[in-house]
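Notes for the one structure printed next.
One-based numbering, in listed order, for ligands and for the atoms of each. What you see is a predicted model, and the numbers here were worked out from it, not measured in a lab. All values below come from the heavy atoms of this structure, side chains included, with hydrogens, waters and symmetry mates left out.
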Amino acid sequence: MTAPVRTSAVRRAQAQAQAGDVLPADHPLTSGVTAESPLLVEYRGGRDAAGDPARPGRRPVWFMRQAGRSLPEYRALREGTSMLDACLDPEMAAEITLQPVRRHDVDAAIFFSDIVIPLRLAGIDVEIVPNVGPVLAHPVRTRADVEALPQLDDDAFAPITEAVARTVEQLGSTPLIGFAGAPFTLAAYMVEGRPSRDHLGPRTMMHADPETWDALASWAADVSGRFMRAQLMAGASAAQLFDSWAGSLGRDDYAAHVQKHSAAAFSHVAGLGAPLIHFGTGTGEILDLMKEAGADVVGIDYRVNLAEATRRLGAQTPLQGNIDPALLTADWDVLEAHVRDVVAAGSGAAGHVLNLGHGVPPSTDPEVLTRVVSLIHSISPAEIEPTRA
Ligand code: CP3
């Protein structure tokens with residue numbers, strides 16, 4: 001099923017991850033294997049690797065949560081293995097990452113892992129409870145709790161590095177996207193100890209005890225930044241920071257208590273030449289601040305029209321999004337019209353990568369996703385050109 005991995009390549013990637021500030025010479029982006037892929041061209045705002053204006057071979061699309069429960073082959077492979085154990089089994093993680101690429105012909109793979117993996121690797125007792133989400137045995141609520149947080153050793157990333165190396169070896173010219181949770185979203189799980197709707201715990205802490213909040217968010221930024229860096233060094237060609245719950249924050253709170261920590265996470269992967277994407281839900285009021293945190297590309301959820309996102313961010317900012325996941329179960333005519341609207345709304349941005357406005361719902365019929373991909377690929381990239389400056 002999966003080809004044997006060259007362990008020397010894995011070891012080299014691990015050594016680089018600890019040492020250098022550039023991607024390794026045999027990295028798919030550096031060596032040119034993924035550099036001119038439609039995804040990378042659009043993430044650069046319609047530019048080739050040399051920085052000259054370029055048109056992608058086709059309009060790129062991938063889906064958040066494209067790997068996972070919507071796929072019968074995923075459900076079969078995961079049978080009897082817990083979510084986090086699957087993430088830490090390099091062969092299984094690589095295979096799950098590749099499944100949606102084979103099935104849907106999407107323009108990117110997203111690494112199969114989870115935002116709480118760095119916590120698990122640091123030795124924190126965390127599980128993903130089916131149909132609930134991440135649950136911690138010991139929530140992190142006081143200064144003493146934060147001070148007792150373990151150090152995360154770089155060697156702990158070995159299963160991640162190995163899974164990424166195995167994956168990119170089989171992906172060829174299709175880029176792999178690495179990711180991590182943004183400090184606010186990760187800290188929200190740590191403080192609450194489980195998913196919550198309003199994230200009252202972390203939002204109280206940043207006002208009531210800002211020093212403890214800053215210490216916790218700094219810890220989260222460090223582990224998430226290093227998690228992204230490990231994936232990039234091992235072969236990912238881009239990285240996305242997920243601040244899924246940032247939309248629960250007011251703009252002032254984001255600016256004062258959160259943005260600097262997301263910037264710290266991005267600082268671990270800045271300057272490598274790999275595009276960095278920043279995504280959250282309900283973030284219409286803070287899109288500019290999310291870009292300023294260090295993103296090249298801003299992911300837009302389904303609530304903000306892409307033409308409006310361009311008005312808020314400027315035409316030079318490449319966008320990613322924002323097909324409404326709710327429409328995946330509508331009649332095809334309704335879904336097709338919506339996809340065409342999203343393509344048109346995104347055409348004013350320097351670059352546009354199609355995606356959903358949040359993850360694939362587990363109940364989605366995978367055949368619908370395949371059909372959406374082929375619809376997007378059938379819309380000529382030449383149609384992008386006239387609206388670009
Ligand atoms: O295709 C992909 O996007 C795969 C990789 C991926 C997963 N989680 C796999 C996963 C990514 C990028 C994530 C990120 C993640 N994890 C986020 C940010 C993105 C978002 O959805 O907003 C968040 C908030 C988490 C935390 C988390 N992990 C939640 C809320 C859940 C859902 C719990 C449930 O059962 O409903 C998970 C579990 C999870 N992560 C699954 C997958 C495929 C489902 C586990 C299963 O198969 O049972």
Side-chain angles (χ1 to χ4, degrees), residues 61-89 92-104 106-120 126-136 160 163-164 167 176-190 192-197 199 202 220 224 227-228 231 236 238-248 262 265 277-283 299-302 320-321 325 355-364 366 369:
V61 52
W62 66 277
F63 303 115
M64 292 182 276
R65 290 278 169 90
Q66 64 189 19
R69 279 175 294 181
S70 68
L71 300 184
E73 59 269 36
Y74 168 83
R75 296 195 299 265
L77 188 58
R78 269 283 318 280
E79 190 105 21
T81 309
S82 79
M83 171 65 194
L84 295 183
D85 286 347
C87 294
L88 295 176
D89 174 337
M92 197 181 283
E95 173 58 21
I96 293 173
T97 303
L98 292 162
Q99 285 176 343
V101 181
R102 289 192 203 111
R103 184 190 261 267
H104 300 309
V106 280
D107 295 277
I110 173 91
F111 183 53
F112 180 77
S113 197
D114 198 84
I115 61 168
V116 297
I117 279 290
L119 307 190
R120 168 64 77 90
V126 56
E127 276 301 340
I128 295 204
V129 177
N131 302 314
V132 176
V135 175
L136 276 75
I160 301 306
V164 168
T167 305
L176 176 69
I177 301 171
F179 75 93
F184 175 73
T185 291
L186 200 56
Y189 285 111
M190 295 172 77
E192 299 283 355
R194 54 189 300 111
S196 72
R197 194 196 304 192
H199 316 294
S224 276
F227 181 45
M228 272 194 293
Q231 294 165 66
Q240 176 159 322
L241 194 63
F242 281 89
D243 211 348
S244 302
W245 313 137
S248 72
S262 295
I277 309 113
H278 204 174
F279 170 79
T281 66
T283 50
I300 309 294
D301 86 346
Y302 58 86
Q320 179 170 281
N355 204 315
L356 298 179
H358 200 174
V360 173
S363 60
T364 304
L369 293 177

*Is the shortest N/O to N/O distance between Trp245 and ligand 1 below 3.5 Å?*
no
*For the pair Thr167 (side chain) and Ala163 (backbone), establish whether a donor and an acceptor sit closer than 3.5 Å, ignoring hydrogens and angles.*
yes
*What about Thr185: any of its N or O atoms under 3.5 Å from an N or O on ligand 1?*
no
_Could you tell me if Gln99 and Gln66 have a donor-acceptor pair between their side chains, going purely by distance under 3.5 Å?_
no
_Quick test of your reading of the structure: of Pro100, Pro130, Ser113, Ala86, whose heavy atom lies closest to atom 7 (C) of ligand 1?_
Ser113
*Winner among Leu84, Val129, Asp114 once heavy atoms are compared against atom 8 (N) of ligand 1*: Asp114
*asked:* Give me the residue, atom name and distance of the protein heavy atom closest to atom 10 (C) of ligand 1.
replied: Met83 CE, 3.2 Å
_Separation between CG of Asp89 and CG of Leu84, rounded to the nearest 0.5 Å_ = 12.5 Å
*If hydrogens are left out, which of Gln99, Gln66, Arg69, Met64 has an atom nearest to atom 44 (C) of ligand 1, that is, the closest non-hydrogen atom?*
Arg69
*Check: Arg194 side chain, Val135 main-chain N or O, donor-acceptor pair, under 3.5 Å*: no
*asked:* So if I count the atoms of ligand 1 from 1 in the order they appear, which ones are less than 4.0 Å from some heavy atom of Phe112?
replied: 43 (C)
*Look at the side chain of Asp107 and the backbone N and O of Val61, then say whether any donor-acceptor pair between them is shorter than 3.5 Å.*
yes
*Derivation of the salt bridge (Lys or Arg N to Asp or Glu O under 4.0 Å) call for Glu73 and Arg102*: CA-CA 11 Å; Glu73 59 269 36; Arg102 289 192 203 111; over 6 Å; no
_Geometry only, no angles: is Arg78 polar-contacting ligand 1 at N/O separations under 3.5 Å?_
yes
*Of the protein's non-hydrogen atoms, which lies at the shortest distance from atom 31 (C) of ligand 1, and what is that distance?*
Arg65 NH2, 3.7 Å
_Distance from atom 35 (O) of ligand 1 to nearest protein heavy atom, with residue and atom_ = Asn131 N, 2.8 Å
*Going by heavy atoms in the side chains, are Ile96 and Arg78 under 4.5 Å from each other?*
yes
*asked:* Once ring pair (Phe, Tyr, Trp, His ring centres under 6.0 Å) is applied, do any residues pair with His104, and if so which ones, sequence neighbours excluded?
replied: none
*Which residue, Ile177, Ile110, Asn355, forms the side chain to side chain contact (heavy atoms under 4.5 Å, CB included) with Met64?*
Asn355
*When you measure from atom 23 (C) of ligand 1 to every protein heavy atom, which one gives the shortest distance, and what is it?*
Ile115 CD1, 3.6 Å
*Can you tell me the protein heavy atom closest to atom 26 (C) of ligand 1 and the distance?*
Pro134 CG, 3.6 Å
*Is there a donor-acceptor contact under 3.5 Å from the side chain of Thr97 to the main chain of Phe111?*
no
_side chain to side chain contact (heavy atoms under 4.5 Å, CB included), that's the test. Do Phe179 and Phe279 meet it? Break it down for me._
CA-CA 10 Å; Phe179 75 93; Phe279 170 79; over 6 Å; no
*Tell me which protein heavy atom sits closest to atom 22 (O) of ligand 1, plus the residue, atom name and distance to 0.1 Å.*
Ser244 OG, 2.4 Å
*Close-contact set for ligand 1 against Gly133 heavy atoms, below 4.0 Å*: 33 (C)
*May I ask you to identify the nearest protein heavy atom to atom 21 (O) of ligand 1, giving residue, atom name and distance to one decimal place in Å?*
His358 NE2, 3.3 Å
*With atoms numbered from 1 as shown, which atoms in ligand 1 lie under 4.0 angstrom from a non-hydrogen atom of Phe111?*
5 (C)
*What is the closest protein heavy atom to atom 24 (C) of ligand 1, and at what distance does it sit?*
Tyr189 OH, 3.4 Å
_Numbered atoms of ligand 1 (with element) below 4.0 Å of Phe242, judged on heavy atoms_ = 12 (C), 18 (C), 19 (C)
